[in-house]
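For reference, the structure discussed in these notes is given below.
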Amino acid sequence: MTINENFTNEPFTELWVIPVAGGLKDQFKGTASMLLSFLIHRRSKDNFAGLYNHFAHRAFQQWCEDGMPGDPKEFCFGAIASVLKNYIFCAEFQKVEGTLGTYWFIQWSYRNPQSDFEKDALLATEMIRSGAESGATLHGSGN
């Protein structure tokens, strides 16, 4: 992707989120929110991959402890999917002064849901994910 002169042919990853706290959530009243997407690149992607790899490593260890049943990839993907649908992931912007100037990256963390709204958001994300896997689209399909 190329975005002005700063990002020429640079790989980005698109994330879809339902804000439950912080600046993005503050745009909505009460228990309202909206499905949003944004692009991450470089250090933000690496940090997210590190978190994901942490879950993959834990899942592989669990697979070994359980006697190595079935395909390890399927076991790990299932375990990671369970993590993704049971935790709230937090994105905190970090400011860094580099040799080429100021830049921002996202530091990732996760936690248990802390309110009914957050639990409902997790249910909604699972519905969206399973709908996407079955071929549903997010924008009007006329169905």
Side-chain angles (χ1 to χ4, degrees), residues 1-63 65-66 69-143:
M1 174 174 286
T2 298
I3 302 175
N4 65 42
E5 68 278 0
N6 298 315
F7 307 103
T8 303
N9 295 323
E10 190 168 321
F12 282 76
T13 295
E14 182 178 23
L15 293 182
W16 289 84
V17 300
I18 298 174
V20 297
L24 292 176
K25 171 65 176 98
D26 292 344
Q27 299 175 39
F28 303 97
K29 302 290 185 208
T31 57
S33 197
M34 183 182 289
L35 183 63
L36 302 172
S37 69
F38 61 97
L39 299 173
I40 62 172
H41 71 296
R42 294 185 192 168
R43 190 168 177 179
S44 299
K45 279 176 51 177
D46 292 345
N47 285 350
F48 191 77
L51 189 61
Y52 187 88
N53 290 337
H54 167 73
F55 296 132
H57 180 73
R58 284 182 23 197
F60 182 74
Q61 286 178 324
Q62 186 64 48
W63 177 74
E65 291 171 11
D66 290 352
D71 180 38
K73 285 184 182 179
E74 286 182 25
F75 184 93
C76 290
F77 286 141
I80 291 168
S82 176
V83 167
L84 293 175
K85 69 182 182 181
N86 287 304
Y87 291 99
I88 299 294
F89 285 81
C90 306
E92 183 179 348
F93 285 92
Q94 301 288 322
K95 182 178 179 180
V96 176
E97 298 294 337
T99 56
L100 299 176
T102 302
Y103 70 94
W104 295 82
F105 73 95
I106 299 171
Q107 184 65 51
W108 299 96
S109 62
Y110 65 98
R111 61 175 172 76
N112 288 312
Q114 298 174 346
S115 67
D116 288 340
F117 176 72
E118 290 180 354
K119 292 174 186 172
D120 290 344
L122 289 174
L123 290 173
T125 59
E126 180 59 19
M127 292 169 64
I128 292 166
R129 185 200 58 77
S130 64
E133 285 180 354
S134 66
T137 59
L138 295 176
H139 40 81
S141 63
N143 295 345

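Remark: Phe105 pairs with no residue by the ring-ring contact (aromatic ring centres under 6.0 Å, His included) rule, at least two apart or across chains. Annotation: side-chain hydrogen bond (donor to acceptor under 3.5 Å, both in side chains) contacts of Glu126 (sequence neighbours excluded): Arg129. Residues passing the side-chain hydrogen bond (donor to acceptor under 3.5 Å, both in side chains) test with Asp120: none are found, sequence neighbours excluded.
Between Lys45 and Glu10 there is no salt bridge, since no side-chain nitrogen of the basic residue lies less than 4.0 Å from a carboxylate oxygen of the acidic one.
No more than 12 heavy atoms of other residues, nucleotides or ligands sit less than 6.0 Å from atom NE2 of His57. Other residues, nucleotides and ligands contribute over 12 non-hydrogen atoms within 6.0 Å of the CZ atom of Phe28.
For the atom pair CZ (Arg42) and CZ (Phe12), the distance works out to 7.5 Å, reported to the nearest 0.5 Å. Here CD1 of Ile128 is found 4.5 Å from CG of Leu35. Values are rounded to the nearest 0.5 Å. Between the OG1 atom in Thr125 and the CD1 atom in Ile18 there is a gap of 5.5 Å [rounded to 0.5 Å]. In this structure, CG in Leu122 is found 7.5 Å from CD in Glu118, a value given to the nearest 0.5 Å.
Sorted by first then second residue, the side-chain hydrogen bond (donor to acceptor under 3.5 Å, both in side chains) pairs that include residues 17-28, not counting sequence neighbours, number zero. Identified under the side-chain hydrogen bond (donor to acceptor under 3.5 Å, both in side chains) test for residues 96-108, with sequence neighbours left out: Arg43-Tyr103, Glu97-Thr102.
Residue Pro19 comes nearest to Ser33 through the heavy atom pair O-OG, 2.6 Å, listed as atom of the first residue, atom of the second, then distance.
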Residues 79-93 side chain polar contacts: donor-acceptor under 3.5 Å, at least two apart:
unit_1	atom_1	unit_2	atom_2	d
Ser82	OG	Asn86	ND2	3.2
Asn86	ND2	Ser82	O	2.6
Glu92	OE2	Gln94	NE2	3.3

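Within the 4.5 Å cutoff, no side-chain heavy atoms of Phe48 are placed close to those of Ile106.
Under the 3.5 Å distance criterion, the side-chain polar atoms of Trp16 are left unmatched by any main-chain donor or acceptor of Leu36.
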